[in-house]
Amino acid sequence: MRLAQVVPLAPVEGPFTYSVPDALDAEAVVGARVLVPFGRRQLTGVVVARGEGESAKAKPLVDVLDARPSLTPELLALTRWVATYYLCTWGEAIKTALPSGTEVETRRIVRALRPPEAEDGDDGRALLAALAQSNGSGLKVPALAEAMGRKTAPQALLRRLEASGAVSVEYELQEARTRARVEKHLTLTGADPSGLTGARQQALVALLADAGEPVRQAEALKASGASSSTVKGLVARGLVETQDLEVERTDDALDAPLAPAADVTLHPMQEAALGEIRTAIGGDAPQTFLLHGVTGSGKTEVYLRALAAALARGESGIVLVPEIALTPQTVRRFRAHFGDRVAVMHSRMSPGERLDAWTRIRDGKYPVVIGPRSAIFAPVENLGLVIVDEEHEASYKQFDPAPRYHARDVAVFRAHQAGAVCVLGSATPSLETAANARSGKYAYLAMPERVPVLVRKESVASGQSPAAEVASGARGVPAESSTASPLSLGEGQGEGRTSPEASGETRSHPGTQPPPPADAGTSPRGGFDAPSDASNPPAAPEASGDDSSATGYSLLAPAPLPPVRVIDLAREKEVRRLKGALSHDLREAMRQRLERGEQTILLQNRRGYAPVINCETCGWTPECRDCSVSLTLHKTNRTLRCHYCGRAERYPPVCPSCGADDLKLLGSGTQRVEEEIAEVFPEARLLRMDMDTTSRKGAHQKILDRFGRGEADILLGTQMVAKGLDFPRVTLVGVVNADTGMLLPDFRASERTFQLLAQVAGRAGRHDLPGEVLLQTRNPEHPAIQHALNHDYSAFAREELVERYHLGYPPYGRLIGIEIKGPYENSTHKLAQAWTDALARRASGIAGTDVLGPVAAFVGKVKGFWRFHTHLKAPRTVPAKILADAVSAATAEIGAPPKGHRINVDVDPVGLY
DNA sequence: AGCACGCCGACT
DNA sequence: GTCGGCGTGCTC
């Protein structure tokens, strides 16, 4: 008999075998979504294989849901890899690759067949009364339970009422929540319209004749001034036909007019990088590049041209960006170049818009897809290029729900599998990527210099260049050696190979453990050491007589990377008796900018007014009821707020514990810095950007636009001020407290701090005005600070890699994190201990492997759930599969956790606390 | 994830 | 005794 292997979209291990009725045989192809009987109900699954054979257990497929398969064999293979690598079910992985809300399944619906009074028993009456509220449309079983004020539905009672004919319980097909939108369209039948007298009718017919294709009724009526009765009349006369056709829901924001793409000439360094990428695109073998370019080196221009090369070959491309809201410039430039060939996915899209975009991508209408991490599963065919912009960004890692995948690593795998080229771009590559570049696994492309900037002429004249209209390119810049060279991370080039699973190659290389990047101090600095001295800037290009100025753009010489100065807050406190958050020097620097009419960006990576309140009399500190953190004072509405669960309560005027009027506000967040600036510079125009001021849709962009137009002197905010923005008049970047996050118990804390500081430092002095960066810290000797000071990524990476090597952390070790959550501290700890013991027994036989934990999470309780962590740490030489098997075995041994408890497995975790 | 079965304590 | 709560196991 004909069989199909089907993976149900449920967290069960599959696939399951079904028989295929003759009528569905042609449609039930691999990759198609199907409706299958599963237990007592029916649900959506995906056909992953077809075949012939005998199976006694196999039930027949109920229906095929796709006219065209939802998943290509390539995406099926990709999702299966994600499932095995990230330890989730194939069904969970497939679910992330499909638009949400499109599942079809049956649910039990209970309907009342009699009025409540007809029932003798009290509970029977209560059930019927609950159903009566549903107006005969019935209730799903959980909804019924809720309507009765119970946790679970009374199953036995239900069965009795069903048997006695008081209620019906039926499985009913629930349509997908998200469906294609169909709207009424009008066409002419071709019948002779002569003899029509009504002006409206004539107008409508003329419009339809002009169009020559079905026109949306709403559109036709608006354009012709007709009404629906006009249509009725025409239909009655047999002149017009109506039909329901699918329409695409699009995001209006994307229809905004675009500045034409500037045709710029590349800097030789960009040219060299692009050349290598193009060669790889032209070749047959898959290849991954690290494009390491400082802020302002023109990475986007390289992406654009690489993508053009792939498109020219008839291939498609995927561009991953960390978060669309934070990268509007990048998105706009792709749209300016590729127009309606680009599908943009972003987090603010409605499920319907997403579905429509997804459908059209699958139908091949968009060869370019740009979006956040989930876009790596976009159903494009003939993939030629995958770009991961800002590859170091933590937002590429998904945590909830499973699969807990890293989109960058999935990107590398997908590109490899498709024989495509993958480009990972960053100014501050993750150390994983740096190690892969160093070992030769990824080809290394360096763009260590800023390039001249092209701005629209009128913008230059007014002194304010709207961020979106800036493009990068250069002409006539003397070529420096821009040969790609490996990162100078130490000795041992060649023999060390760290191979990420995402490479799609072997999982491990036993016996090829990377050597320690020893003796880092004496190793030569390689091709990438950003110039930190302003004394030798690249020569300015001629700004006239070239094509670009003819098209309304002018070239501005690149600014050198700005000098960075560290302000030791501890010393500042001693010497100058620092009050508030802003040191004397930072205030003076800000004053200068105000006087010169230049702009300042201030980073304070903490929102609210004061993160801690303390009663000086009794020591009371407000803490969240549901989370083990102290509450932050938000002065704007006088609330105490929890930054983990969002809970807010009134800020008490006096200490609720002892009644003393002695509450001291410790530390400062953005609101307090805002207040301080207002006191010191009452004339300054200030914009604050943090989660509190950007919660409304579009608020984020509004603030940036206002700042870009020069409507404010100072932009103050959390790390969102550090991302990909280009404001020509910003000449000062101040970091109010560089230590936030630096001392967290996470082996990546230092890396993240360095990346944030490097990123925000790159915001100063991007055009003709020289910039300056001031870092305030209590830890001036910290490596993250010291290397940010010199813009020296290479030195930072070198040093940090040595540390990682000695500690056995990634990229020199593998890590699987297990989070155990539960409602009580004791029960959760016990479960965590039991799980950890089970894992330890499995891991004891694996050489070099450690089981660390369980330890209480850094924030022990969040939203009422206690959290404990255990980590499995192993050398890279241990195959990932061995570790995964150990974790699976431990999970199986422990079995299902008690009610209310959860165990989450996180392969390659990104945050440890 | 549902859904059903079957075992326990708390009421009539 | 029955009902409701909850743990356990299964779903082609």
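Being a predicted model, the structure only gives us computed values, none of them experimental. Chain A is the first sequence line, chain B the second, and so forth, proteins listed ahead of strands; every chain is numbered from 1.
- Nucleic acid contact for A:Ala58: sugar-phosphate only, since backbone atoms but no base atoms lie under 4.0 Å from a heavy atom of the residue.
- Nearest nucleotide to the A:Val12 side chain, out of B:dA4, B:dA1, B:dC5: B:dA1.
- Picking from B:dC3, C:dC12, B:dA1 the nucleotide with the shortest atom distance to the side chain of A:Pro11 gives B:dA1.
- Among the atoms of the strands shown, only primed sugar atoms or phosphate atoms (P, OP1, OP2) are found under 4.0 Å from some heavy atom of A:Pro37.
- On a pure distance criterion of 3.5 Å, a polar donor-acceptor pair joins the side chain of A:Arg41 and the base of B:dA1.
- Residues A:Thr17 and A:Arg160 each lie close to DNA chain C; by heavy-atom proximity, the contact nearer the 5' end of the strand is made by A:Arg160.
- Note on A:Phe38: a base of the nucleic acid sits closer than 4.0 angstrom, heavy atoms only.
- Put simply, CG on A:Leu158 is 10 Å from P on B:dA4, counting in whole angstrom units.
- Heavy atoms from other residues, nucleotides or ligands lying under 6.0 Å from CZ of A:Arg50 number more than 12.
- Aromatic ring centres of A:Tyr405 and A:Phe399: separated by at least 6.0 Å.
- Aromatic ring centres of A:Trp81 and A:Phe413: separated by under 6.0 Å.
- Side-chain nitrogen and oxygen atoms of A:Arg159 include none within less than 4.0 Å of the OP1 or OP2 phosphate oxygen of B:dC3.
- The CH2 atom of A:Trp866 lies 10.5 Å from the SG atom of A:Cys627; values are rounded to the nearest 0.5 Å.
- With A:Glu432 as reference, A:Arg748 is the one residue of A:Lys397, A:Arg814, A:Arg748 to meet the salt bridge (charged side-chain N to carboxylate O under 4.0 Å, His left out) rule.
- Mapping A:Pro154 and A:Pro898 onto DNA chain C by nearest heavy atom places A:Pro154 closer to the 5' end of the strand.
- When rounded to the nearest whole Å, the span between CD of A:Glu13 and C1' of B:dG2 equals 17 Å.
- Between A:Gln5 atom CD and C:dT11 atom P there is a gap of 15 Å when expressed in whole angstrom units.
- If you measure from atom CD of A:Glu103 to atom C1' of B:dA1, you get 11 Å, rounded to the nearest angstrom.
- The CZ-C1' distance, from A:Arg108 to B:dA4, rounds to 8 Å in whole Å.
- Going from atom CZ of A:Arg40 over to atom P of B:dA4 covers 6 Å, rounded to whole Å.
- Closest contact between the side chain of A:Lys899 and the listed nucleotides C:dC12, C:dC6, C:dT11 involves C:dC6.
- For the pair A:Gln155 CD and B:dC7 C1', the interatomic distance rounds to 16 Å; values are reported in whole Å.
- Base contact: A:Lys57 has a heavy atom under 4.0 Å from a base atom.
- Between the CZ atom of A:Phe16 and the C1' atom of C:dC10 there is a distance of 9 Å, given to the nearest Å.
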